[in-house]
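Here is the structure we will look at, set down as C-alpha cells.
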There are 2 protein chains.
Amino acid sequence: MLFSGYYVPTLKEDPAEAEVISHKLLLRAGMIRKLTSGMYTYLPLGLRAVNKVAKIVREEMDRAGALEVLMPMVQPADLWQETGRWEFYGKELLRFKDRHGRDYCLGPTHEEVVTDLIRGEVRSYKQLPLNLYQIQTKFRDEIRPRFGLMRGREFVMKDGYSFDANEDGANQSYARMYEAYVAIFSRIGLEFRPVEADTGSIGGSYSHEFMVLADTGEDTIAVCTQCDYAANLEKAEVTCVAGDACSACSQDMVEVATPGKHAVDEVAAFLGVDPQRILKTLLYDIDGESVAVLVRGDREVNECKLKTLLGGDVCQMASAKQVEEWTQAPVGFAGPVGLKVDKIYADFEVRTATDWIAGANKKDTHVMHVDIARDVKLTGYADLRQITDQDVCPRCGAPITLPKGIEVGHVFKLGTKYSESMNACYLDENGKEKPMIMGCYGIGVSRVVAAAIEQNHDEHGMMFPPSIAPFEVSLLALTGAKDDDLRAKAVELHDVLENMGVEVLLDDRKERPGIKFKDADLMGAPMQLVLGKKGLTNGIIEAKNRKTGEKMELPLEGFQQGFEAWRKEVYASWGLEVA
Amino acid sequence: MLFSGYYVPTLKEDPAEAEVISHKLLLRAGMIRKLTSGMYTYLPLGLRAVNKVAKIVREEMDRAGALEVLMPMVQPADLWQETGRWEFYGKELLRFKDRHGRDYCLGPTHEEVVTDLIRGEVRSYKQLPLNLYQIQTKFRDEIRPRFGLMRGREFVMKDGYSFDANEDGANQSYARMYEAYVAIFSRIGLEFRPVEADTGSIGGSYSHEFMVLADTGEDTIAVCTQCDYAANLEKAEVTCVAGDACSACSQDMVEVATPGKHAVDEVAAFLGVDPQRILKTLLYDIDGESVAVLVRGDREVNECKLKTLLGGDVCQMASAKQVEEWTQAPVGFAGPVGLKVDKIYADFEVRTATDWIAGANKKDTHVMHVDIARDVKLTGYADLRQITDQDVCPRCGAPITLPKGIEVGHVFKLGTKYSESMNACYLDENGKEKPMIMGCYGIGVSRVVAAAIEQNHDEHGMMFPPSIAPFEVSLLALTGAKDDDLRAKAVELHDVLENMGVEVLLDDRKERPGIKFKDADLMGAPMQLVLGKKGLTNGIIEAKNRKTGEKMELPLEGFQQGFEAWRKEVYASWGLEVA
C-alpha cells in the first residue's frame with residue numbers, strides 16, 4: 001500500500017481528549033476518530049488492527065470446534081424479562097421502543113438470544129454439545145465512557161456460548177475455550193495471564209479472566225511468583241498464616257476515650273499502637289440483612305467474597321443512617337461487642353490475635369482488650385479480606401505480586417442459570433428432560449488492540465506485535481524532489497514484499513525524512529525499512545526492529561533472502577514465529 | 001467440514017412464516033432463524049454465504065481504491081438535525097435516548113457521520129479525492145418487515161462515500177463505483193441490470209440501482225430489448241410516439257350524465273367508448289400547492305416524475321376533502337375544464353388527441369369533446385406517466401420489456417447536498433473555500449444472498465452460484481450401518497478436496513440416502529459428489545451439477561484431475577471461472 005493513496009491522518013500534537021496512552025496514540029496515528037462520547041470510527045489503519053485480532057480469534061475458535069453465527073444486535077425485551085435481567089441489568093442496557101411501541105434493547109451480550117435460538121432447535125442429547133460464537137459490534141451504555149477503545153460504549157466483541165448435556169461435557173467445553181484463549185493471546189504475542197475471577201452479573205459457577213499485563217491497567221491481579229496461580233483481586237484467596245499461639249486475652253475489656261478519632265490510623269496514632277492491633281468493623285446491607293465484617297486495621301474487606309459467602313444479590317455498605325441505627329452511635333465508632341446486627345463475620349486473620357482495640361458503639365469511645373471468643377457473638381470466620389503483596393500464594397505458599405492488568409477476555413461456566421429460567425431443555429438417553437449446561441466466552445476484540453498498545457509503546461509511539469500490526473513493514477523512501485531512481489527502487493521493493501505476502505506501507509509522501517521517521521515510529525509497524533540516497537548508492541537498505549530498536553543493514557542484492565532472515569529475528573523478539 | 005460436527009438444522013416441512021421462496025428455503029436449509037419481526041440470526045451455513053458476498057464486495061472495493069473503515073452504528077441526533085433528516089426521515093429511523101437523555105438513532109445509512117468525520121479532517125484539495133466504505137449491520141425500522149432477508153429490519157450492508165474537489169472527479173468516482181458494482185455482481189454470477197433510478201430520500205443529482213432479475217422481484221424495471229437502456233419504473237422515460245396529425249376538435253363541449261360512474265372503465269363502458277378516449281384527471285397536494293395531472297384513461301401517473309418536475313418535497317394524492325373543495329363536486333368527477341387549482345399538467349401523450357371525455361367537476365356528470373388547447377388552462381406538458389410494455393425505448397426506439405427485479409445495490413451522485421448543509425468544505429488551488437462533491441454507494445450484502453436464491457432455485461431447493469455457496473461441494477457418503485471402508489474413502493476425498501482449497505461439506509450422518517439427497521438439493525451446493533457402495537466397488541463417484549442437473553461419473557483413480565476438469569464445467573455453467 002502506498003501512503004499517498006491511503007488515509008492515515010496523523011496528528012503532530014497530543015489530542016486533549018485522550019486520557020490514556022493507547023487512546024492518545026490511536027488518535028495521533030490516525031487509527032481512530034471520536035464520533036461522540038464512547039463511540040469511535042475506525043479509520044483504515046485502525047480497522048486493519050481490529051480485523052487482524054478478529055482473524056486470529058476466528059481461526060482459533062474454528063480450530064476448537066466452535067461454529068460462527070451472527071445474531072441480531074437489537075434484542076426484544078421479552079427474552080430479557082424471562083431471565084429477569086431486564087430489571088436487573090442496570091442502565092448499561094440501552095432500552096428503547098420500536099415504531100410500534102414494543103420494547104427492545106441494544107445487545108451488550110447474547111445469553112438470552114442464543115438460549116432462545118437453541119431451545120427452539122435442540123431436542124435431544126444427540127444434538128449436543130454445541131458451541132456457537134459471533135464477532136459483532138456490541139453496545140453498553142457506560143455511565144462514564146473513557147480511555148478510547150478501552151472503555152467505549154460501542155466496541156467489537158467475540159462472544160461465544162456452549163451447550164452441553166452433562167457436567168463433564170460442560171467442563172470440557174470450558175477447558176477447550178480456555179485453551180483456545182491461551183492460544184489466541186499467545187499468537188498475538190502479548191504478555192497475559194488467565195486469572196480466576198468472579199462471575200459478576202453474568203452469573204454462573206466459575207470463571208477466568210484473561211488479563212494483558214500493563215502498568216496502566218485498570219485492574220490489579222494477584223500472581224504467584226512461583227506457580228501458575230493467578231486471580232483477580234476480587235477473587236484472590238488469602239491464606240491465613242498462623243501467628244503465634246493464641247491464648248485467651250488475660251485482661252478485661254476497658255473503654256477508652258478517643259474524641260473525634262474515627263479512622264483506624266487516627267485511633268492507632270492517638271493510642272500509640274500499631275494499626276494492626278485495631279479491629280476494623282464494617283457494616284453492610286446484604287439483601288436487607290445487617291452484616292458486620294471484622295478485619296485487621298490495615299486490611300481491606302473484599303466485598304465480592306462477602307457477597308459470595310452470603311449468596312446475596314445486592315451487597316452495599318450500610319448508609320450513615322443504618323450505621324447509627326445499628327450501633328446506636330455516630331458513624332466511626334462501630335465495634336463488634338454487643339452489636340445488634342443479624343450477622344457478624346470475621347476474617348480468618350482475626351483468629352490469630354486475642355487482644356483487640358475496637359469501636360465501642362458509643363460516641364468518641366473505643367474499647368481495648370477485646371477477645372473475639374470471649375466478647376463477641378460471632379457468626380463465623382471466613383476469607384473476607386483483600387489480598388496484599390505481603391500475602392503468599394494460596395496454592396504453593398510462594399510470594400505473591402500484584403501487577404496491573406487489562407481484561408481482554410472472560411470465560412464463564414454458566415451452568416443452568418439461563419437454560420433453567422428460559423426452559424432450554426433436552427431429552428437425555430432415558431428420555432428425561434434436563435436443562436442444558438451452558439458456558440459463555442467473550443473477547444474484547446477492539447480492546448485487545450488498545451491493550452496491546454498499553455503494553456507495548458515508548459515515548460515515540462506504538463510498538464505493534466507483527467501478528468496484529470496494521471502493516472508488518474513501514475518502508476520509508478527518503479526521496480528528495482526529483483529522486484526518481486530512489487522512488488522507483490522503493491516501489492520495486494514494495495512490490496517484492498507484497499508478492500512475498502508481507503503487508504507493507506510505503507511512505508512515498510513528499511515529506512521531510514524527519515516526518516517520515518516520526519510517523520513510522522508513531523504507527524509502530526514492527527519492521528522499518530529505510531531507503532536513502534546513500535544506501536541506494538551503496539546497495540543497502542537500513543532495517544530497524546521497532547521493538548528492540550536494533551538496526552542493521554540489508555543488502556539490496558538478494559534482498560528477499562536477507563529480509564526473510566531478519567523477519568524471523570523480529571518475530572522472535574516478540575516470541576512469535578512467521579506463519 | 002463434516003456434517004456431523006456442524007450445525008445445519010434442516011426442516012422437512014415448509015415453515016408457515018415464510019412468504020417468499022428465499023425466505024422459505026433459507027429457513028428450511030437451516031441457514032437463518034427468526035429472532036423477532038424482521039430480525040434473523042444467521043446460522044453457520046447462512047453466515048458463510050453472507051461472508052462470501054462480503055468478501056467479493058471488499059475485494060472489488062479495495063481494487064477500486066476505496067478504503068475500508070468502520071463507523072459507529074449508533075449515531076447522535078445533532079448530526080441528523082444539521083441535515084434536517086432528523087425530522088424528514090420518518091419512522092424507519094429508530095430514535096432513542098441514552099442514559100443521560102441525549103438523542104440518538106440506529107444508523108440506517110451514514111451520510112451524516114461520514115461527512116462529520118471528513119469535515120474535521122480534510123482541509124485542502126490535495127487531500128481529495130477520498131472514498132471510504134464499511135460493511136456493517138444496519139437497522140431500519142420497517143413498518144412491515146417481510147420476506148425474510150429481503151426486507152428485514154436488521155441487515156448487513158456495504159455503504160461507501162466518496163468526496164471530490166470537482167465535478168469531473170465526482171463523476172469519475174461515481175463511474176469507478178459503478179464499474180466495481182458491475183464487477184461484483186458479475187463475479188457472483190447473477191443475472192442483473194444497472195438501471196437508472198430516482199434519488200429518493202437520500203437526495204442528490206442522479207443514481208443507478210443494481211437489479212437482480214427474478215420473477216419474484218418486488219420492483220419492475222424497464223429494459224430495452226436492443227440497447228443498454230434500463231431504468232426502474234419510477235424513472236423510465238416515455239417517448240411519446242406521435243399519433244395522427246392532431247387538428248382542433250370540431251365539436252363544442254357537451255355535458256353528459258354519468259350517474260354513479262367514477263372509474264375510467266365504468267365511464268367508458270357506460271358511454272360505449274374506448275378508455276383511451278377518457279382523460280383521467282388526478283389531483284395532488286405538492287408542498288401545499290394544488291396540482292392536477294392529466295393522463296390518457298388507460299395510463300398511470302408516475303408520481304416520481306411529477307415530484308421531480310415540480311421539485312417538491314412532499315407529493316401526495318389530494319384527500320377526498322381537498323378534491324371536493326377544489327372541484328366543487330363529489331370525488332370521481334374531476335376534470336380540467338374550469339378547474340380551480342394552482343397548476344394543471346398533462347402528459348405528453350395527451351397532446352396527440354383533441355377530442356377528450358373528462359369529468360365535469362359536477363356530480364354524476366362528464367363532459368365530451370374537450371380540446372385541451374381550446375378548453376383547458378394548461379400549465380404545461382411533460383413526461384408524467386408510467387411506462388408500459390407497449391412503449392418503446394427512449395434511447396433507440398426498440399421494444400421495451402418490463403421484467404421484475406430485486407434491488408441489491410444503489411449508487412448515488414449526491415453532489416453537495418450533505419457537504420453544504422454540514423459545511424464540509426476544502427480550500428481549492430486558489431485558497432477558495434468550496435463544498436466537497438459527494439457520492440454514496442450501497443450494497444445489500446445479506447439481501448444479495450436472498451436475491452441469488454430468488455433467481456436460482458427449483459422445486460427441490462436452492463441453487464447457489466459457486467462464488468457465494470456456503471460450500472462448493474456437497475459430498476454424500478451413502479453409508480450403511482457398518483460401511484467403514486466407504487466412510488474412510490469419503491473422509492479421504494473430503495481431505496483431498498480441502499487440500500485443493502475446495503470447501504466441502506461431507507454428509508457423514510447416519511441417515512438414509514434419500515434424506516441426504518434431499519438435503520443436498522435443498523442446500524444447493526453447486527457441485528454434488530455421491531459416493532455409494534457400488535461406486536466404491538467400481539472405482540467411481542457420481543457427480544451432479546446442481547444447476548443443470550447434469551450427472552457424470554468421475555473415476556476415483558486420479559480423482560483430483562477429473563474433479564478439476566468437472567469443476568471448470570460447473571463454473572462455466574454459471575458463466576464463471578475458477579479463481
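Computation of the quantities below employed the complete heavy-atom set of this structure, encompassing side-chain atoms and omitting hydrogens, waters and symmetry-equivalent molecules. Letters go in sequence order (proteins before strands), and every chain restarts at 1.
Between chain A and the options Leu47(B), Thr137(B), Val122(B), the largest number of non-hydrogen pairs under 4.5 Å is found for Leu47(B). For chain B, the option among Ile143(A), Leu130(A), Leu117(A), Val113(A) with the highest count of heavy-atom pairs below 4.5 Å is Ile143(A). Per-residue heavy-atom pair counts under 4.5 Å with chain A were compared for Met1(B), Arg102(B), Glu121(B), and the maximum is reached by Glu121(B). Between chain A and the options Leu67(B), Val74(B), Asp98(B), Leu94(B), the largest number of non-hydrogen pairs under 4.5 Å is found for Val74(B). Contact count against chain B (heavy-atom pairs under 4.5 Å) is highest for Pro76(A) among Pro76(A), Pro9(A), Ser4(A). Across Gln127(B), Met39(B), His100(B), the residue that shares the most heavy-atom pairs under 4.5 angstrom with chain A is Met39(B). Per-residue heavy-atom pair counts under 4.5 Å with chain A were compared for Arg48(B), Met71(B), Met73(B), Lys91(B), and the maximum is reached by Met73(B).
Rounded to the nearest 0.5 Å, atoms CG (Asp103(A)) and CH2 (Trp80(A)) are 13.5 Å apart. Atom OG1 of Thr115(A) and atom CZ of Phe163(A) lie 4.5 Å apart (nearest 0.5 Å). If you take CD1 on Ile515(A) and CZ on Arg509(A), they are separated by 7.0 Å, rounding to the nearest 0.5 Å. Atom CZ of residue Phe3(A) and atom CD of residue Glu511(A) lie 8.5 Å apart, to the nearest 0.5 angstrom.
Contact annotation: the side chain of Leu128(A) never approaches that of Asp164(A) to less than 4.5 Å [non-hydrogen atoms, C-beta and beyond]. Here the side chains of Tyr89(A) and Cys105(A) are not in contact, with every heavy-atom distance at 4.5 Å or above.
Only the side chain of Asp116(A) comes within contact range of chain B, with at least one heavy atom under 4.5 Å from a heavy atom of that chain. Using a 4.5 Å cut-off between heavy atoms, Leu43(A) contacts chain B through both its backbone and its side chain. Proximity to chain B (any heavy atom under 4.5 Å) is restricted, for Leu106(A), to the side chain, taken from C-beta onward. Residue Glu92(A) touches chain B through both its backbone and its side chain, counting heavy-atom pairs closer than 4.5 Å. Contact of Leu70(A) with chain B is made through backbone and side chain together, with heavy-atom distances under 4.5 Å.
No donor-acceptor contact under 3.5 angstrom links the side chains of Tyr7(A) and Asn131(B), judged on distance only. With 3.5 Å as the limit, one finds a donor-acceptor pair spanning the side chains of Arg85(A) and Tyr418(A).
Residues of residues 29-38 of chain B that come within less than 4.5 angstrom of chain A, heavy atom to heavy atom, are Arg33(B), Leu35(B), Thr36(B) in numerical order. By a heavy-atom distance cut of under 4.5 Å, Arg153(A), Glu154(A), Val156(A) are the residues of residues 150-159 of chain A near chain B, going up by number.
Ring geometry for Phe96(B) versus Tyr104(B): interplanar angle under 30°, hence parallel rather than tilted (30 to 60°).
Looking at Arg95(B), its side chain does come within 3.5 Å of a backbone N or O of Leu93(B) through a donor-acceptor pair. Panel note: side chain Gln75(A), backbone Thr109(A); a donor-acceptor pair is recorded below 3.5 Å.
Electrostatic pairing of Lys55(A) and Glu59(A) counts as a salt bridge here, judged by a charged N lying under 4.0 Å from a carboxylate O.
In this structure Arg99(A) satisfies the salt bridge (charged side-chain N to carboxylate O under 4.0 Å, His left out) test with no other residue, sequence neighbours excluded.
Each salt bridge (Lys or Arg N to Asp or Glu O under 4.0 Å) pair with one or both residues in residues 67-78 of chain B, not counting sequence neighbours, appears once here: Arg58(B)-Glu68(B).
Note: Tyr40(B) and His23(B) meet the aromatic proximity criterion, with ring centroids under 6.0 Å apart.
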